[in-house]
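By convention here, the first residue in the shown sequence is residue 1. Just so we're clear, the structure is a prediction, and the values are computed from it rather than from any experiment.
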Amino acid sequence: MRRCPTCGDPLDGEHGESCPECGPGPTGSTEAFAAVPARIEGAHLAEEAREHAAGPVLVVRKGPEVGERFVIDRDSLTIGRDPASDIFLNDVTVSRDHATLTASSAEVSIEDSGSLNGTYVNGVRVDSAILADGDVVQIGTFQMVYMGGARS
């Protein structure tokens with residue numbers, strides 16, 4: 001049953017496109033538009049990231065900034081709460097200088113910089129680790145999926 005988008009009352013068809021409570025409903029080109037999700041979540045995240053990635057990338061799947069993509073486009077990227085970090089994660093659970101990503105043509109690795117809350121790969125706290133496609137990296141409240149790909 002169709003409902004009035006303004007008040008939620010059922011539209012019975014007896015009054016055409018008008019709501020018996022609040023008057024005419026939406027008309028013209030706006031009535032056909034569906035709501036668009038604001039963020040990428042869940043299982044669709046990895047597929048969406050894979051479609052848009054131009055190389056290795058970390059994609060936030062949980063925590064602040066879900067859907068944010070960090071392209072690994074240099075040999076070394078700093079991760080931290082310091083706004084000068086290459087990958088800025090703005091949350092108190094992230095150390096100012098938390099970790100470093102190091103990339104070569106063959107692999108991408110992550111190394112914890114002595115952070116207070118640690119760096120986790122697939123749920124295991126690590127000092128350093130080589131990342132594989134689909135690995136989950138947790139830094140503070142940020143949970144990110146690593147998508148491998150050729151560096152440009």
Side-chain angles (χ1 to χ4, degrees), residues 1-11 17 25-152:
M1 169 175 278
R2 291 191 54 206
R3 295 197 171 275
C4 174
T6 306
C7 69
D9 278 359
L11 295 176
E17 290 296 310
T27 58
S29 60
T30 59
E31 71 181 53
F33 288 101
V36 176
R39 299 226 182 257
I40 305 164
E41 303 225 15
H44 303 290
L45 179 64
E47 202 53 44
E48 179 76 12
R50 212 176 289 283
E51 288 175 17
H52 296 291
V57 65
L58 279 176
V59 183
V60 179
R61 82 170 186 191
K62 273 189 177 177
E65 307 303 325
V66 170
E68 181 82 22
R69 286 187 288 270
F70 301 106
V71 178
I72 303 166
D73 57 357
R74 292 183 296 205
D75 293 341
S76 180
L77 294 168
T78 58
I79 303 172
R81 195 179 74 238
D82 185 338
S85 296
D86 297 313
I87 298 176
F88 173 53
L89 301 178
N90 190 16
D91 191 83
V92 296
T93 61
V94 177
S95 296
R96 288 191 175 280
D97 178 20
H98 199 102
T100 302
L101 283 171
T102 305
S104 69
S105 59
E107 64 188 27
V108 174
S109 62
I110 190 163
E111 183 175 345
D112 188 82
S113 301
S115 67
L116 182 62
N117 291 325
T119 299
Y120 295 80
V121 175
N122 298 324
V124 177
R125 188 171 182 157
V126 297
D127 291 327
S128 65
I130 295 171
L131 299 177
D133 191 49
D135 279 351
V136 176
V137 176
Q138 176 111 20
I139 295 178
T141 60
F142 290 83
Q143 192 177 81
M144 299 168 280
V145 178
Y146 171 74
M147 297 294 164
R151 279 184 62 207
S152 32

Within a strict 4.5 Å, meaning less than it, do heavy atoms of the Glu111 and Thr102 side chains meet?
no

So which heavy atom on Phe70 is nearest to which on Phe88, and how close?
CZ-O, 4.5 Å

For the residue pair Gly140 and Val94, what are the closest heavy atoms and their distance?
CA-CG2, 4.3 Å

Atom CG in Leu89, atom OG in Ser95: separation rounded to 0.5 Å?
11.0 Å

If you measure from CD on Gln138 to CZ on Arg61, what distance do you get to the nearest 0.5 Å?
9.0 Å

First locate atom CE of Met144, then atom CD1 of Ile110, and finally report the distance between them rounded to the nearest 0.5 Å.
6.5 Å

Measure the CG-CD1 distance between Leu131 and Ile72 for me, rounded to the nearest 0.5 Å.
7.0 Å

Tell me whether Asp112 contacts the main-chain N or O of Ser115 through its side chain, where contact means a donor paired with an acceptor under 3.5 Å.
yes

Evaluate whether atom CG of Asp127 has more than 12 neighbouring non-hydrogen atoms of other residues, nucleotides or ligands under 6.0 angstrom away.
no

Short side-chain to backbone donor-acceptor contact, His98 and Thr78, under 3.5 Å:
no

Does Ser76 reach the side chain of Thr100, with side-chain heavy atoms less than 4.5 Å apart?
yes

Do side-chain atoms of Asp135 reach the backbone of Tyr146 as a donor and acceptor pair under 3.5 angstrom?
no

Under 4.5 Å between any side-chain heavy atoms of Val137 and Phe142, yes or no?
no

Close side-chain approach of Leu101 and Asp86, heavy atoms under 4.5 Å:
no

Could you state the interatomic distance from OG1 (Thr93) to CZ (Arg81), rounded to the nearest 0.5 Å?
8.5 Å

Does any part of the side chain of Met147, heavy atoms only, come nearer than 4.5 Å to the side chain of Asp133, both counted from C-beta?
yes

Would the distance check show the side chain of Glu65 and the main-chain N or O of Gly67 forming a donor-acceptor pair, the cut-off being under 3.5 Å?
no

Using atom types as modelled and distance alone, determine if a side-chain donor or acceptor of Arg96 lies under 3.5 Å from a backbone N or O of Asp82.
no

